[in-house]
Amino acid sequence: MKPSLVFTNNYYECDQTIKESSVPSICEMINVQNKDKQQNFLSEDEGLHIGYGKVVGCFPYKEQNQYTTDLKNREVAVAVLENDYLKATFLTEYGGRLWELIDKKSGKNLLYTNDVIQPRNLALRNAWFSGGVEWNLGVIGHSPFTCDKLYAAETTREDGTPILRFYEFERIRKVTYQMDFWLEEDSNILFCRMRIDNRNSEMIPMYWWSNIAVPEYEHGRLVVHATEAYKNSASGGIRKVQVPVDNEAGYDITYYENTISSVDYFFDIPSDAKKYIANVNNEGYGLLQLSSNRLQGRKLFSWGHIEGSDNWQDVLTKNAGKYIEIQAGVAKTQYECIPMPPNTVWEWIECYTSVDVKPDSIFNEYDDAVRTVDAQVDNIWKKYDLNTMVADTKESVGKKKFDLVKAASGYGALENRLRERLGEISISENLEFPVNDDVRDWLDILEKNTFIHKDAHIAPSSFVVGDEWINILEKSSRSEGKDNWYVWYQLGVMYKYTNMLEEALNCFKESLFLEVNKWSYHGVAYLYNEMNDIDKAVKYAVKAIELGTDDYSLCESCMKLLLNNEFYELIIKTYHILGEEVQNNNRIKMYLAFAYVNTGNVDKADRMMNAEGGLDVVDIREGEITITELWEEIFKLKNPNVREEDIRVPKKYNYKMKVYSDN
């Protein structure tokens with residue numbers, strides 16, 4: 001059959017109630033990938049950019065912090081590319097994720113496809129789910145669009161080959177990115193042509209990793225052309241270890257069942273070697289991912305094989321089993337972004353196909369395994385020189401006119417309007433960005449120098465970022481918007497984001513003077529907290545809660561401020577004024593249980609933990625083992641003579657992914 005492209009709906013067991021936070025992400029959040037990494041164990045010749053481009057939150061995006069475990073069989077929009085060899089299914093409303101890749105000759109799925117779409121708190125915007133291939137652009141900590149829709153379009157080459165296109169404007173880095181996918185008529189390769197367009201006048205930090213979930217095969221093996229890998233060492237700092245045998249851990253990491261704790265290995269592939277990574281089962285069959293040279297990095301992520309790690313995998317799925325991730329990126333590691341020059345386009349091609357070889361060639365000496373996969377990669381390159389192909393498809397694919405099938409956000413249109421006003425070039429020469437309702441407020445202030453009247457009871461619809469917007473809001477605050485509480489609030493948010501704390505405080509207070517609103521109370525609370533004026537911070541946090549007792553995001557943020565500052569009695573008092581739905585949220589209950597423990601009410605906390613269902617805190621964050629610590633603290637208080645080595649955290653409360661010397 002000739003390759004085909006169909007936009008349709010499939011049924012998946014999923015949660016389609018993911019909601020955004022009502023308050024902006026202007027405070028530092030826990031993010032495992034974003035934690036500072038020491039690099040004093042690396043040589044001066046490594047050429048890495050450790051820590052470069054790190055961000056502390058997802059602003060101007062809102063956190064996606066409200067979802068449930070109430071999964072039902074629901075229609076999910078998909079795009080399907082198919083030929084005689086492969087069937088590729090993409091989730092159009094979840095970042096264009098490649099969800100399933102069926103090898104039609106074997107009938108097997110080359111990817112790990114989850115049997116549920118179950119969000120958990122593992123991304124910079126909070127909501128994330130496992131499975132398929134996730135396309136991560138811009139910032140460390142997963143794509144802002146991983147649980148959001150992209151623009152979806154279709155076009156064709158001159159020979160009629162259909163092309164699936166996803167694209168968007170990324171607001172933190174202010175770049176467009178475009179992903180084009182197609183199948184050749186007589187090929188078992190899925191081609192993915194990627195394009196990042198930086199039409200800014202300054203250097204920006206750039207990040208890209210294609211996160212490929214694949215089955216954790218019993219006795220499976222990873223193959224990559226590398227003899228060394230970067231690793232965040234158990235003894236602290238980033239080190240280089242040997243491949244295949246990690247000289248620090250003492251085992252062959254390419255047999256990923258060997259890994260104990262959660263671990264990342266970033267393979268240092270020689271510059272003159274082909275860039276690929278393969279996951280092979282014990283029969284010599286599996287997935288091969290290869291690319292042109294722009295995508296220089298390859299990675300193995302394993303959850304490990306301890307109870308805390310198993311628990312993470314269990315809460316992400318139903319019956320799909322365990323998986324690992326093999327990843328490909330523009331940098332050597334995920335501890336860094338790399339500098340992208342102004343007015344520059346980066347393009348590359350990724351290929352996804354099957355590997356099917358004799359097991360003996362993979363499961364003996366590692367050099368033999370590398371030579372075996374090298375040979376398959378070389379054969380592909382003889383037919384498709386991927387570096388040449390990038391240039392050859394710039395016009396025939398990358399800049400081809402297209403038919404828009406599904407629209408996404410209006411922020412690309414807003415950025416174009418702003419640039420037009422400033423006399424700057426548009427964000428793209430070939431991508432369409434129609435105006436949507438989500439940017440109407442900002443178009444108003446561009447055109448009328450103020451916001452139309454905003455109801456102070458309704459959460460701010462959106463936020464933007466950039467010096468140009470600060471200038472526009474400053475002008476508005478002195479003229480048409482000077483009596484507009486919302487202008488002052490939005491200006492305060494921008495000042496807080498740029499660390500202009502005194503200016504932000506003045507703006508929030510002016511907003512409150514014009515109209516009492518919980519949003520500015522929340523902003524003032526966090527400013528005083530950052531200024532270390534804790535009593536005032538707590539005072540304003542409580543004021544915000546009193547005005548927004550039914551707003552989960554607002555209440556959670558303010559209750560966390562009380563908890564971090566150890567105002568335990570006030571947490572208990574404040575809890576009882578919250579709306580019923582907010583009270584019943586398990587994260588809020590967890591804060592209350594901490595307060596009980598620290599005010600001598602251990603039995604109350606213990607009853608909460610052991611009640612029917614317990615405290616299943618859906619949005620526990622990777623690296624945040626708060627619920628584990630709470631259970632341990634209660635257990636120690638109720639069993640004061642217990643030895644550390646005898647403490648066994650129940651599986652449902654164990655989120656530790658590392659082996660600790662004291663446990």
Short side-chain donor-acceptor distance under 3.5 Å, [Y] and [X]:
X      : Y      : answer
Ser130 : Asn114 : yes
Arg195 : Ser428 : no
Gln376 : Asp378 : no
Asn126 : Gln64  : no
Thr113 : Asn109 : yes
Gln327 : Gln334 : yes
Glu134 : Trp128 : yes
Asn198 : Asn200 : yes
His219 : Glu283 : no

Flag if over 12 foreign heavy atoms under 6.0 Å of NZ, Lys87:
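Atom NZ in Lys87 is not packed in, count stays at 12 or less.
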Is it true that [X] and [Y] make a salt bridge, defined as a side-chain N closer than 4.0 Å to a carboxylate O?
X      : Y      : result
Asp252 : Arg221 : yes
Arg125 : Asp148 : yes
Asp310 : Lys322 : yes
Lys2   : Glu185 : yes
Asp368 : Arg371 : yes
Asp197 : Arg199 : yes
Glu347 : Lys394 : yes
Asp103 : Lys105 : no
Arg193 : Glu350 : no
Lys299 : Glu325 : no
Lys332 : Asp268 : yes
Lys104 : Glu82  : yes
Asp619 : Arg621 : no
Asp115 : Lys318 : no

Centroid separation under 6.0 Å, is that true for the rings of [Y] and [X]?
X      : Y      : result
Trp99  : Phe129 : yes
Phe266 : Tyr230 : no
Trp346 : Trp208 : no
Phe402 : Tyr167 : yes

Report the C-alpha separation of Asn258 and Tyr256 in whole Å, then their side-chain angles, then the decisive distance to 0.1 Å, and conclude whether the side-chain hydrogen bond (donor to acceptor under 3.5 Å, both in side chains) test is met.
CA-CA 5 Å; Asn258 289 334; Tyr256 37 73; over 6 Å; no
So does [Y] get a backbone contact from the side chain of [X], meaning a donor-acceptor N/O pair under 3.5 Å?
X      : Y      : result
Tyr352 : Ala88  : no
Asn136 : Ser143 : yes
Arg165 : Val397 : yes
Asn281 : Tyr285 : yes
Lys275 : Ala273 : yes
Thr317 : Asp314 : no

Distance check, rounded to the nearest 0.5 Å: Asn293 atom CG versus Ile349 atom CD1?
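One finds 12.0 Å between CG of Asn293 and CD1 of Ile349.
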Quick one: pull up CG in Leu150 and CG in Leu91 and give me the separation to the nearest 0.5 Å.
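It is 11.0 Å, given to the nearest 0.5 Å.
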Run the side-chain contact (heavy atoms from CB on, under 4.5 Å) test on Val80 and Phe90 for me, step by step, so that the C-alpha distance in whole Å, both residues' side-chain angles and the decisive distance to 0.1 Å come before the verdict.
CA-CA 6 Å; Val80 180; Phe90 299 80; over 6 Å; no
Classify the ring geometry of [X] against [Y]: parallel below 30°, tilted from 30° to 60°, perpendicular beyond 60°.
X      : Y      : value
Phe363 : Tyr255 : tilted
Trp209 : Tyr207 : tilted
Phe181 : Trp135 : tilted
Trp312 : Tyr655 : perpendicular

So which atom in [X] and which in [Y] form the shortest heavy-atom distance, rounded to 0.1 Å?
X      : Y      : result
Pro339 : Met203 : CB-SD, 3.6 Å
Val223 : Ala369 : CG1-O, 3.7 Å
Lys240 : Glu228 : NZ-OE1, 3.3 Å

Using the rule given for side-chain contact (heavy atoms from CB on, under 4.5 Å), can you reason through Phe191 versus Glu184, listing the C-alpha separation, both sets of side-chain angles and the distance that settles it, and then say yes or no?
CA-CA 8 Å; Phe191 293 91; Glu184 304 283 349; 3.4 Å; yes
Find out whether Leu288 and Val373 are in side-chain contact, i.e. whether some heavy atom of one side chain is under 4.5 Å from a heavy atom of the other.
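Yes; the side chains approach each other to less than 4.5 Å.
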Could you go through Leu386 and Cys351, starting from their C-alpha distance and side-chain angles, then the distance that decides it, and tell me whether this counts as side-chain contact (heavy atoms from CB on, under 4.5 Å)?
CA-CA 9 Å; Leu386 299 184; Cys351 294; 3.7 Å; yes
Taking the six-membered ring of [Y] (Phe, Tyr or Trp), confirm whether the NZ or CZ of [X] is under 6.0 Å from its centre and within 45° of its axis.
X      : Y      : result
Arg97  : Phe145 : no
Arg239 : Phe41  : yes
Arg171 : Tyr61  : yes

Only one of Val175, Thr344, Val139 passes side chain to side chain contact (heavy atoms under 4.5 Å, CB included) with Met206; say which it is.
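Exactly one pass, corresponding to Val175.
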